[in-house]
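Below, each value reflects all heavy atoms present in this structure, side chains not excepted, and no hydrogens, waters or symmetry copies. Counting starts at 1 for both ligands and their atoms, in listed order.
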Amino acid sequence: MKQKVLVTGGAGYIGSHTCVELIEAGYEVIVADNLSNSSEDSLDGVEKITGVRPSFEKLDLCDKDKVFDLFRKYPGIEAIIHFAALKAVGESVQIPLAYYHNNLESLINLLLAMSEFGEPGLVFSSSCTVYGQPDVLPVTEKAPIKKAESPYGNTKQICEEIIQDALKANNKLSSIALRYFNPIGAHKSAHIGELPLGVPQNLVPFVTQTAAGIREQLSVFGNDYDTPDGSAIRDYINVTDLAKAHVKAVERLIEKKSKHSFEVFNLGTGTGLSVLEIVNAFEKATGVKLNYKIVGRREGDIVKVWAETTHANEVLGWKAEVPLEETLLSAWEWEKRIRNID
Ligand code: NAD
Ligand code: WQD
């Protein structure tokens, strides 16, 4: 019998890529998603890649009764990966209560269900945003958590605290929080990828939409930072690499490999790259010239951050592998496919 993994938000960007890796690793996957920021097309993509369609339950995780029904319908869930969340930083400033409600309530309901229906482990999608602008680079998991810059970032900090409190009160629960740096790219098959609604806020979707002619010009936000070329630096991690780390985390929880009930891992490449380096690498990888201009800094942006990945490498047994140019090419192949560009 295959081990069952519940993937909340599994129709979304990182969730769908993780479904692929879980299925390929031999797990039975159950997706719970309200499709507020995704569609079932991504599950078609998962099926095309793996030949297996995950079980799908359309539900809002803020509805506790529905969450409990889900655990009754699928007895014996061994691990949960909790991707479901609202994630737009700017929007979270406009509608903070929706963010606190959605991101906290969904987690609380899952933790309640975990206690009620056996004790599966929980993998939680956290973010490098919890570090703010770190004092020391690369940033380790031990770096202080800075005051959140946005309600979205605050939900990630609070969720990590909620999990730790729940674990203290029930020593059968265990959890791994994965702090993602900047996930980019698409599955190499181009059957699944990132589908931002409206104008993309993140760099790489804006780059691919500019290359596709949907956006006239990419604005590079600032070239007067204290960095080698003046543009801001991030750690861009391939989404399939990221997905594979979740399989490692699930294995670790199921096999109870850790002596600690709560663990945190940075998921990044360990290398910081500037916005202009990304622009150049995209042009080199795809042969497409990007129309871009330097504009002023974006409010709230941090200058530079990249991950110390030793903990993930040595303890989780995971390492980023896909080269940047391959990742950028995969983002472009996905954009071309969804826009019907040859
Ligand atoms: P996404 O929006 O593509 O996926 C999230 C999914 O959750 C969507 O399919 C959405 O419909 C679903 N969802 C949201 N609220 C729900 C609810 N109440 N009930 C059921 N389903 C719900 O986002 P993503 O980029 O795949 O991000 C996944 C997770 O990773 C999120 O928790 C996000 O905060 C975190 N994260 C993302 C990034 C990033 O840059 N993409 C970086 C760090 C952390
Ligand atoms: C990257 C760099 C921009 C768009 C966000 C969230 C963070 C986390 C990851 C979830 C920055 C520059 C961007 C553009 C640009 N998400 N840029 N022109 O800001 O590092 O992080 O996603 O947890 O919480 O804040 O990612 O892709 O928006 O920006 O010059 O049109 O690209 O200024 O330097 P960011 P990003």
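- For a threshold of 3.5 Å applied to N or O pairs, the pair formed by Ser36 and ligand 1 contains at least one separation below that value.
- Atoms CG and CG, from Asn238 and Asn182 in turn, are 13.0 Å apart once rounded to the nearest 0.5 Å.
- Salt-bridge formation is detected for the pair Asp44/Arg53: a Lys NZ or Arg NE/NH1/NH2 atom is positioned less than 4.0 Å from an Asp or Glu carboxylate oxygen.
- Under the 3.5 Å distance criterion, the side-chain polar atoms of Asn280 are matched with a main-chain donor or acceptor of Leu276.
- For atom 31 (C) of ligand 1, the nearest protein heavy atom (residue, atom name, distance) is Phe83 O, 3.1 Å.
- Checking side-chain atoms of Glu325 against main-chain N and O of Thr327 turns up no donor-acceptor pair under 3.5 Å.
- At a heavy-atom cutoff of 4.0 Å, ligand 1 is contacted by the backbone of Leu35 but not by its side chain.
- Counting atoms of ligand 1 from 1 in the listed order, those under 4.0 Å from a heavy atom of Ser125 are 29 (C), 30 (O), 32 (O), 35 (C).
- One option in Lys87, His17, His101 has a heavy atom closer to atom 41 (N) of ligand 1 than any other, and that option is Lys87.
- For the pair Glu105 and ligand 1, no heavy-atom separation below 4.0 Å is found.
- One finds the CD atom of Glu326 at 10.5 Å from the CD atom of Glu321 (value rounded to the nearest 0.5 Å).
- Here the protein heavy atom with the shortest distance to atom 26 (O) of ligand 1 is Ile14 N, 2.8 Å.
- Following chains of ILVMFWY side-chain contacts shorter than 4.5 Å, one cannot reach Val305 starting from Tyr180, and the two form parts of different hydrophobic clusters.
- Formation of a donor-acceptor pair under 3.5 Å by the Trp334 side chain with backbone atoms of His191 is not found in this model.
- Of the polar atoms of Tyr180, none of the N or O atoms is found under 3.5 Å from an N or O of ligand 1, judged by distance alone.
- A donor-acceptor pair under 3.5 Å is absent between the side-chain atoms of Ser174 and the main chain of Ser261, judged by distance alone.
- When only interatomic distances are considered, the shortest N/O to N/O separation between Ala84 and ligand 1 does not fall below 3.5 Å.
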Pairwise, report which nitrogen or oxygen atoms of ligand 2 are under 3.5 angstrom from protein nitrogen or oxygen atoms, and how far apart they are.
residue, atom, partner, partner atom, Å
ligand 2, 18 (N), Ser219, O, 2.7
ligand 2, 19 (O), Arg298, NH2, 2.9
ligand 2, 20 (O), Asn182, ND2, 3.0
ligand 2, 20 (O), Arg234, NE, 2.5
ligand 2, 22 (O), Asn202, ND2, 3.4
ligand 2, 23 (O), Ser127, OG, 2.7
ligand 2, 23 (O), Tyr152, OH, 2.6
ligand 2, 26 (O), Asn182, ND2, 3.1
ligand 2, 27 (O), Asn202, ND2, 3.2
ligand 2, 27 (O), Leu203, N, 2.8
ligand 2, 28 (O), Gln201, O, 3.3
ligand 2, 28 (O), Asn202, ND2, 3.2
ligand 2, 28 (O), Arg298, NH1, 3.4
ligand 2, 28 (O), Arg298, NH2, 2.9
ligand 2, 29 (O), Arg298, NH2, 3.4
ligand 2, 30 (O), Ser219, O, 3.4
ligand 2, 30 (O), Phe221, N, 2.9
ligand 2, 33 (O), Asp301, OD2, 2.4

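- Remark: Glu160 does not engage Lys156 in a salt bridge, criterion side-chain N to carboxylate O under 4.0 Å.
- Here atom 38 (C) of ligand 1 lies nearest to Pro183 when heavy atoms of Ala88, Pro183, Gly9 are compared.
- The proximity of Leu59 to ligand 1, defined as any non-hydrogen pair under 4.0 Å, is limited to the backbone.
- Note that the NE2 atom of His17 and the CD atom of Glu21 stand 9.0 Å from one another [nearest 0.5 Å].
- Ion pairing between a basic and an acidic side chain is recognised when a charged N comes within 4.0 Å of a carboxylate O; Glu119 and Lys256 show no such pairing.
- Counting heavy atoms closer than 4.0 Å to ligand 1, residue His82 contributes nothing at all.
- Both the backbone and the side chain of Asn34 come within 4.0 Å of ligand 1, counting heavy atoms alone.
- At under 3.5 Å, a nitrogen or oxygen of Asn37, whether backbone or side chain, sits near a nitrogen or oxygen of ligand 1.
- For the residues Thr8, Val130, Asp33, the heavy atom positioned nearest atom 12 (C) of ligand 1 is part of Asp33.
- Under 4.0 angstrom from ligand 1, the non-hydrogen atoms of Ser126 all belong to its backbone.
- Polar contact check, Leu61 against ligand 1: a nitrogen or oxygen pair lies under 3.5 Å apart.
- For the atom pair OG of Ser16 and CD1 of Ile49, the computed distance is 8.0 Å after rounding to the nearest 0.5 Å.
- Ligand 1 places these atoms under 4.0 Å from at least one heavy atom of Ser127: 43 (C), 44 (C).
- Considering only non-hydrogen protein atoms, atom 5 (C) of ligand 1 sits nearest to Ala85 O, 4.0 Å.
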